[in-house]
Amino acid sequence: MPHLSDTAMVDAVVTWFEREARELPWRSPDRSPWGVLVSEVMLQQTPVVRVAPVWREWMKRWPAPADLAAEPQSEVIRAWGRLGYPRRAMRLRECAVALVERHGGEVPRETVELRALPGIGEYTAAAIRAFAFGEHDVVLDTNVRRVIGRAWHARPLPAAHLTKGERDHAAGLVPEEKSASALWNAGAMELGALVCTARAPRCDACVLAPSCAWVAAGSPGLDEAPRRSQAWHGTDRQVRGRVLALLRDASGPVTVTGHASLEDVEPGQLDRCLESLVADGLARLVSDERGTYAL
DNA sequence: AAGACGGGGAG
DNA sequence: CTCCCAGTCTT
């Protein structure tokens, strides 16, 4: 039976984080709130190692919201490269425009204002407040949910959707004091990313192990836990990605229909994907007759 | 409450 | 080859 108090467990994570935190570029002392915002959007569903080089490039090229806002979307999609979910790049640019129009080109620190920005949801708003401004907030990403779920509730993996009960419990764990709250938010995330990982947790190296409810229960359920399965090969998602890669790597319009690199794609599926890309605003039709598209 | 949405590195 | 990742937005 675990016997450490909530506070002692939270403190253990904070202490561990102060010792073990990775030196990520968006954690540098000279980072800007804009840099934090960009990093958070890039990190939505994309791992740190893949984000880092792109983030550096973006900060060099577009150091402030106004710089990105002035850029054509095609260039932004190109610079996004292969980070995935290119709608994020589109929204990031829209976000930059909104920052210029509504906030004088600055990143606001209030939740309502952040949430009103394109691409900024519950998690990202809280992360920006905590990591860019040091504000007290509840940062709940998949890592923090997994850490809390295991250490406090003996659950192997978080449920698909965040519940009110889960949010309330997480809120109760955040230290009152501002700087400690930010360290807990970042530390719990870091612990989930480096130690309390989804499928191969390193409990022997975990500061919470002595008081972890899941460890105490014998670390059950990892194999039986429901997995989110996402078919990939041959799906519309893959075809959309291939079309976008084609448009990205070209300097101008491309005749997509009958293109050699898409030979194996069924014409019907290709048409459907092209139509959806145009509907999403990610691609535009240049010449209907010739099946020519561009970013 | 579901489903859609990219891509690559690790196991 | 399967699984996962600092989620968001739209039905």
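Every heavy atom of this structure was used, including side-chain atoms; hydrogens, water molecules and symmetry mates were not. It should be emphasised that the depicted structure is a prediction, and the values quoted were computed from it without experimental measurement. Each chain gets a letter, A, B and so on, in the order the sequences are listed, and its residues count up from 1.
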Is [X] near enough to [N] that one of its side-chain N or O atoms lies under 4.0 angstrom from OP1 or OP2?
X        : N     : answer
A:Thr124 : C:dT8 : yes
A:Arg82  : B:dG8 : yes
A:Gln45  : C:dG7 : yes
A:Arg115 : C:dT8 : no
A:Arg88  : C:dT8 : no

> Starting at the 5' end of DNA chain B, which residue's closest nucleotide do you reach first, A:Val49 or A:Asp236?
Replying inline: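 First, find each residue's nearest nucleotide; the 5'-ward one identifies A:Asp236.
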
> For DNA chain B, whose closest nucleotide is more 5', that of A:His161 or that of A:Arg240?
Replying inline: A:His161

>> Nearest heavy atom decides the nucleotide; on that basis, is A:Thr197 or A:Glu122 closer to the 5' end of DNA chain C?
In response: A:Thr197

> Does A:Arg50 or A:Gln44 map to a spot on DNA chain C nearer the 5' end, using the closest nucleotide for each?
Replying inline: A:Arg50

> Is the count of non-hydrogen atoms from other residues, nucleotides or ligands lying under 6.0 Å from A:Arg145 atom CZ greater than 12?
Replying inline: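 Counting neighbours around CZ of A:Arg145, more than 12 heavy atoms of other residues, nucleotides or ligands fall under 6.0 Å, so yes.
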
>> Is it the case that atom CD in A:Glu113 sees more than 12 heavy atoms from other parts of the structure closer than 6.0 Å?
In response: yes

>> Say we look at C:dT11 and B:dG6: how far apart would their P atoms be, to the nearest angstrom?
In response: 16 Å

> Expressed in whole Å, how much space separates the P atoms belonging to C:dA6 and B:dG3?
Replying inline: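 Approximately 24 Å lies between the P atom of C:dA6 and that of B:dG3.
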
>> If I take atom CG in residue A:Leu194 and atom C1' in nucleotide C:dC5, what distance separates them, rounded to the nearest angstrom?
In response: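 Whole-Å distance recorded here is 13 Å.
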
> What's the CG-P distance between A:Leu282 and B:dG6, to the nearest Å?
Replying inline: 7 Å

>> Once rounded to the nearest 0.5 Å, what's the spacing between atom CH2 of A:Trp26 and atom CE of A:Met42?
In response: 9.0 Å

From C-beta outward on [X], which listed nucleotide comes closest to its side chain: [options]?
X        : options             : value
A:Tyr123 : C:dA6, C:dC4, C:dC9 : C:dA6
A:Pro47  : C:dC5, C:dC4, B:dG6 : C:dC5
A:Tyr85  : C:dC5, B:dG6, C:dA6 : B:dG6

> Hey, are A:Glu190 and A:Arg27 close enough for a salt bridge, meaning a charged N less than 4.0 Å from a carboxylate O?
Replying inline: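 Counted as a salt bridge, because a side-chain N and a carboxylate O are separated by less than 4.0 Å.
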
> Is it true that A:Glu275 and A:Arg272 have a side-chain N and a carboxylate O under 4.0 angstrom from each other?
Replying inline: no

> Does any N or O donor sit under 3.5 Å from an N or O acceptor when you compare the side chain of A:Thr46 with the base of B:dG6?
Replying inline: yes

> Counting any heavy atom closer than 4.0 Å, what does A:Trp80 reach on the DNA or RNA strands: base, sugar-phosphate only, or nothing?
Replying inline: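 Touches nothing.
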
